[in-house]
Amino acid sequence: MTSSSASSGSNSSSGVTFKVHPLVMVNISDHYTRVKSQLHSESAVRVYGCVIGIQKGRTVEIFNSFELLYDPSTHSLDRSFLHKKQDLYKKVFPNFYILGWYSTGTHAHQPHDMHIHKALMDINESPVYLLLNPSINHAQKHLPLTIFESELHVIDGIPQLIFVRSTYTIETVEAERISVDHVAHLKPSDGGSAATQLAAHLTGIHSAIKMLNSRIRVLHDYLVAMQKRYELSSSDIPCENALLRQVSSLLRRLPTIESEKFQDDFLMEYNDTLLVAYLAMLTNCSSGSTMNEIVDKFNVAYERHTRRGGGRKVPTWIQFNFITGFVYRHSTEQRKFIDYNSWYHDNGFEQN
């Protein structure tokens with residue numbers, strides 16, 4: 001078995017728990033994108049950097065990362081630059097330590113990556129290696145991030161250090177969730193249209209609702225199974241009282257939406273929202289020349305009519321509402337749309 005195959009097929013047995021914050025993946029992705037755009041390269045490029053964080057016992061939490069300079073002639077990292085960055089980060093984050101390094105690629109390269117890995121062992125005796133795959137695979141459901149540890153294995157009678165995969169979880173704080181959500185909603189640099197942005201937004205909402213529906217279905221199936229368990233006095237499904245209490249607490253947080261007061265408040269807010277959208281549409285139309293031209297033509301037509309028949313001239317604001325088809329009457333007692341024909345006759349205006 002070669003070292004490369006061992007690194008891709010072996011799993012870690014150290015028992016260390018890894019927690020990765022989203023900021024690390026954002027930094028690595030940003031580093032890769034900048035370098036690739038600067039080099040104007042169509043092929044994949046590799047970037048290198050260090051990951052920092054805290055280790056408490058058997059738990060390693062990776063909070064942040066910073067870039068490193070790579071010397072292709074010696075296939076090594078710039079040590080002076082590394083120590084300078086380490087000292088700067090120590091001043092800002094005194095509790096953070098260098099936990100390992102990161103790179104980009106589809107797989108761990110032996111022995112090239114192992115050479116860099118060994119070079120960092122004087123800073124951390126057991127560094128961690130984060131590998132981000134920059135290639136886009138829409139069918140992939142998992143994050144394109146792999147964490148490797150190094151273990152000493154005997155291969156063909158020779159002890160060798162190889163990379164072994166480790167599992168990890170994503171750990172976030174409130175500030176990171178806001179930042180990641182902001183980055184996810186940024187407009188693409190290629191000037192995507194509003195329709196593209198709307199499609200992406202609706203796709204995200206659809207995925208969130210689909211995930212919520214699947215989780216609610218799991219809870220529903222579990223509760224149905226628990227009900228059958230009590231009805232049939234079966235012990236096939238274990239009773240998790242802690243889980244049942246959590247489900248009960250979750251259901252009690254939901255607002256009561258069957259009351260009459262809720263219906264009244266909901267309809268009032270719904271009507272106000274529709275009105276705001278309606279007026280926004282009118283304002284958007286009036287910002288151009290189209291609506292102004294229609295109003296001018298309407299004024300000219302009614303001026304001719306009033307001169308012939310001696311009728312009462314319609315004020316401009318009323319004409320504007322006639323064009324939309326409605327007059328909106330707003331008072332503290334009532335809010336409603338009325339047909340402009342009845343309002344027209346009631347106020348003594350003439351029609352053609």
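FYI, the numbering just counts along the sequence from 1.
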Decide yes or no for Pro127 and Met121: does some side-chain heavy atom of the first lie under 4.5 Å from some side-chain heavy atom of the second?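 Pro127 vs Met121: side chains touch.
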Are more than 12 heavy atoms, taken from residues, nucleotides or ligands other than Phe266, located less than 6.0 Å from that residue's CZ atom? no
With rounding to the nearest 0.5 Å, note down the distance linking CG in Asn95 to CD1 in Ile52.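 Reported to 0.5 Å precision, the distance equals 11.0 Å.
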If hydrophobic clusters are built by linking Ile, Leu, Val, Met, Phe, Trp and Tyr wherever their side-chain heavy atoms come under 4.5 Å apart, do Leu68 and Leu88 end up in the same one? no
Are Gln55 and Tyr97 packed together at the side-chain level, in the sense that at least one heavy-atom pair is separated by less than 4.5 angstrom? no
Whether the side chain of Asn124 engages the backbone of Gly100 through a donor-acceptor N/O pair (distance < 3.5 Å, no angle test) should be reported.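 Looks like no, no N/O pair under 3.5 Å.
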How long is the span from the CG atom in Leu161 to the CD atom in Glu149, to the nearest 0.5 Å? 12.0 Å
Less than 4.5 Å apart, side chain to side chain, heavy atoms only: is that true for Asp78 and Ser80? yes
I'd like to know if Met211 and Ile205 are part of one continuous hydrophobic network [Ile/Leu/Val/Met/Phe/Trp/Tyr, side-chain heavy atoms within less than 4.5 Å].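 No; Met211 is not reachable from Ile205 via cluster members.
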I need the Leu23 CG to Thr172 OG1 distance, nearest 0.5 Å. 12.0 Å
Do Phe96 and Tyr89 have side-chain heavy atoms sitting under 4.5 Å apart?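 No, side chains not in contact.
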Angle between ring planes, Trp101 versus His117, binned at 30° and 60°: parallel, tilted or perpendicular? tilted
Quick one: do the Ser103 and Arg46 side chains pair a donor with an acceptor below 3.5 Å? yes
Under 4.0 Å between a Lys/Arg side-chain N and an Asp/Glu carboxylate O for Arg34 and Asp30?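 A salt bridge is present here (some side-chain N lies under 4.0 Å from a carboxylate O).
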Verdict with supporting geometry, Ile116 and Leu77, side chain to side chain contact (heavy atoms under 4.5 Å, CB included): CA-CA 7 Å; Ile116 300 176; Leu77 302 174; 3.6 Å; yes
Using links of under 4.5 Å between side-chain heavy atoms of ILVMFWY residues, direct or through other members, which residues join Ile170 in one cluster?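 Noted: Ile170 shares its cluster with Val16, Phe18, Val20, Val24, Met25, Ile28, Tyr32, Val35, Leu39, Val45, Val47, Val51, Val60, Ile62, Leu99, Tyr102, Val128, Leu130, Leu132, Leu143, Leu145, Ile147, Tyr168.
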Minimum heavy-atom distance between Pro134 and Gly105, given as atom pair plus value: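 It is CD-N, 3.8 Å.
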Counting distance only, does the side-chain N/O of Ser249 pair as donor-acceptor with the main-chain N or O of Arg245 below 3.5 Å?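 It does not hold such a pair.
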Side-chain heavy atoms nearer than 4.5 Å, only ILVMFWY residues, links allowed to pass through others: does that put Leu152 and Met114 together?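 Yes, Leu152 and Met114 fall within the same hydrophobic cluster.
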Any chance you could measure Leu82, atom CG, to Leu69, atom CG, to the nearest 0.5 Å? 10.0 Å
In terms of heavy-atom contacts, does NZ of Lys90 have more than 12 from other residues, nucleotides or ligands at under 6.0 Å? yes
Say whether, by atom type as modelled, one donor and one acceptor occur between the side chain of Ser248 and the main chain of Leu244 under 3.5 angstrom.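 Not confirmed, Ser248 side chain does not pair with Leu244 backbone.
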Could you tell me if the side chain of Arg165 sits less than 4.5 Å from the side chain of Thr146, heavy atoms only? yes
Tell me the side-chain hydrogen bond (donor to acceptor under 3.5 Å, both in side chains) pairs involving residues 208-225, sequence neighbours left out? none
Do Phe66 and Val92 sit in the same hydrophobic cluster, where Ile, Leu, Val, Met, Phe, Trp and Tyr count as joined when their side-chain heavy atoms come under 4.5 Å apart? yes
Salt bridge check, Arg79 against Asp122: does any charged N sit closer than 4.0 Å to a carboxylate O?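 Result for this pair is yes, salt bridge flagged.
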Approximate separation, where rounding is to 0.5 Å, of Asn241 CG and Leu243 CG: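 Asn241 CG to Leu243 CG: 9.5 Å, rounded to 0.5 Å.
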Is the shortest side-chain heavy-atom distance between Thr169 and Glu61 below 4.5 Å?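 Answer no - side chains too far apart.
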To the closest 0.5 Å, what do you measure between CZ (Phe148) and OG (Ser166)?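 So the CZ of Phe148 and the OG of Ser166 are separated by 9.0 Å.
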Residues clustered with Leu212, ILVMFWY side-chain links under 4.5 angstrom: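 Same cluster as Leu212: Ile216.
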